[in-house]
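Basis for what follows: all heavy atoms, side chains included, without hydrogens, waters or symmetry-related copies.
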Amino acid sequence: MSETRVRFAPSPTGAPHVGNIRTALFDYLWARHTGGKFILRVEDTDQAREVENGLELILESLRYLGITWDEGPDVGGAYGPYEQSKRLPIYKRHADQLIAQGVAYHCYCTEERLEQMRKVQRARGEQTRYDYRCRYLSPEERAANERAGLPKVVRLAVPPEGKTTLHDFIRGDLTIENKNVDDQVLLKSDGFPTYHLAVVVDDHLMKISHVMRGDDWIPSFPKHVLLYQAFGWEIPPHGHVPMVTGADKKKLGKRHGSTSVLQFRNDGYLPEALLNFLARLGWSLDDKTEIFARQQLIDAFTLDKIERAPAIFDYGKLDWLNGYYIRELPDDELAARALPFIPQADPAMLRALVPLFKPRIKKLNEIAALVDFFFEQDLEYDPQLLIGKDADAATARAALRAAHATLEKYPEGAFDDEEKIEAELRADAERLGMKNLPFFGALRVAVTGKTVSPPLMSSMRLLGREKTLRRIARAIVMLEKP
RNA sequence: GCCGCAUUCGUCUAGUGGACUAGGACGCCGCCCUCUCAAGGCGGAGACCAAGGGUUCGAAUCCCUUAUGCGGCACCA
């Protein structure tokens, strides 16, 4: 069997979202699994919808996930160019060939007429489709149109009878009757091809061995099959991968919150976690394996395990996975990855804080809220928090005074003896007849400004003697006020 | 409206005629641990396999019908 060559062919119309990238991932995994090539081709054939930095957004999204490509716009390759806007003559040539064969024809209809036509069809409850007006023009009429210099497009002449079948390696045979297939435009009046012409021509010319794309493309496969047949080309195996949807079961889109890959990066998701999660949407190995490192994914990925039904993108499960991967990271590595999310932190200090926040976050952007008290001078909080639910100000004050007295005895050098300090503080609580909860609760708020925080002893150690004592003293004053 | 695709716990899924009293994971609930919150450990609830017909000694697994959901119906991809 010849080399596997698969391609990801996005349109530079904005930041790629996770649904598209999931398809790219399947392509990538299959290429790596088989030792073949993964090709990036940009389908920039719609000048109106194109976004300025569209290409860059695509490249960045793939890089973030570590999805590497062997041929593409930036790296070139033997079958370039890899931007369709740079291949216009190729499409023109092929369109001309189709016209010469009588498989396609020039159409001179205006947008206005087409819109009017569809309006009528819709009113009648029919499927909107081209009405063949220009398909059966006489040679004289055609010549007249040409002489008049009317703008024209090239349309595919779909056989009115029969049906077209495509074998899909995920779903089996797909069949659609030709009468339900529109005479699709192949070449637009601006000289750019539409998707239908461009994919077929490029997939063939670039020797693509397997075509994977979203199942929203299923309705248009007959056009592609017809083109392959007209050109006399072999149809590569096709597989329509299931859609990734939002919780409402609708195709993922802007309405579903953050779906852009880059947004996940900015929110603090690790690429290895997103990669793992995406791979498991519409694909699974067996009845128990959830965690896959990149190489395991590559080793295990096969086409026959791709699912048919659409999958809802479950943010909750992604968060769990991300938390798992964070906990798996070595402390030094986590510190390095966390730095961009808390730039005000001194790197050495942040490194020391890792053990405190590591088991407590699911995303890197949660770190700041957890450890911000380390980086502030005086804390702002409601004094009521010091007292807690079932206690009173006097009790809280007594607890803080005791704690302050105890901690004060420890000089700078001995302040990091967590065990000893904790034992003594517990003894303080007991002497005051207080339970641990209210005692440490008051101390926690005084030191961290929060009722929920990383472990107290470690927090005080890292905060340092001076700041700790000052905060406790300040809390005592707050309780004395009124 | 027309055409197409899909249908196993809330979600991601295992399952390809008997090993299924349908397995795992997330989430949820409870317990343990415990200075809070997590993490971790243990346990639990949760799917009559969309419905109805067949085929078969036997069906989540094969066939048909229906229902529901989704997708497509552009000089967009």
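- Residue E43(A) is in sugar-phosphate contact alone, with no base atom involved, counting any heavy-atom pair closer than 4.0 Å across all strands shown.
- Heavy atoms of R118(A) sit under 4.0 angstrom from primed sugar atoms or phosphate atoms, though from no base atom.
- The pairing partner recorded for U16(B) is none, the criterion being a Watson-Crick or G-U wobble arrangement whose two distances lie under 3.5 angstrom.
- Relative orientation of the F277(A) and F313(A) rings is perpendicular, given thresholds of 30° and 60° on the angle between their planes.
- Base-pair partner of C42(B): G30(B) (Watson-Crick or G-U wobble, both distances under 3.5 Å).
- Using a 30° and 60° split on the angle between ring planes, F26(A) and F301(A) fall in the tilted class, from 30° to 60°.
- Within the model, atoms OG of S453(A) and CG of L356(A) stand 9.0 Å from one another, a figure rounded to the nearest 0.5 Å.
- In this structure, G72(B) forms a base pair with C2(B), meeting either the Watson-Crick or the G-U wobble geometry with both donor-acceptor distances under 3.5 Å.
- Here C75(B) presents its P atom at 12 Å from CG of D131(A), a figure rounded to the nearest Å.
- With a cut-off of 3.5 Å on both Watson-Crick or G-U wobble distances, the partner of C37(B) is given as none.
- For the OP1/OP2 pair of C12(B) and a distance below 4.0 Å, the side-chain nitrogens and oxygens of K317(A) include no atom meeting the criterion.
- Judged by Watson-Crick or G-U wobble contacts below 3.5 Å, the nucleotide U21(B) has no partner.
- When the P atom of G27(B) is taken as reference, atom CG of N322(A) falls 13 Å away, rounded to whole Å.
- In this structure A67(B) sits in a base pair with U7(B), meeting the Watson-Crick or G-U test at under 3.5 Å.
- Counting only distance, with no hydrogens or angles, the side chain of R135(A) and the backbone of V158(A) share a donor-acceptor pair below 3.5 Å.
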Under-3.5 Å N/O pairs linking protein and nucleotides 5-9 of chain B:
| residue | atom | partner | partner atom | Å |
| --- | --- | --- | --- | --- |
| C5(B) | O2' | R171(A) | NH1 | 2.8 |

- Message: Evaluate D202(A) against R7(A) for salt bridge (charged side-chain N to carboxylate O under 4.0 Å, His left out), listing each step before the verdict.
- Response: CA-CA 10 Å; D202(A) 286 347; R7(A) 104 275 122 136; over 6 Å; no
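- A salt bridge is defined here as a Lys NZ or Arg NE, NH1 or NH2 lying under 4.0 Å from an Asp or Glu carboxylate O, and D183(A) with R133(A) fails to meet this definition.
- The closest donor-acceptor contact from the side chain of D44(A) to the backbone of Q84(A) lies under 3.5 Å.
- Summarising the geometry, the separation between CH2 on W217(A) and C1' on A74(B) is reported as 11 Å, rounded to the nearest angstrom.
- Between the side chain of S453(A) and the base of C37(B), no donor-acceptor pair under 3.5 Å is found.
- Under 3.5 Å, the side chain of K288(A) and the base of A25(B) form no donor-acceptor pair of N or O atoms.
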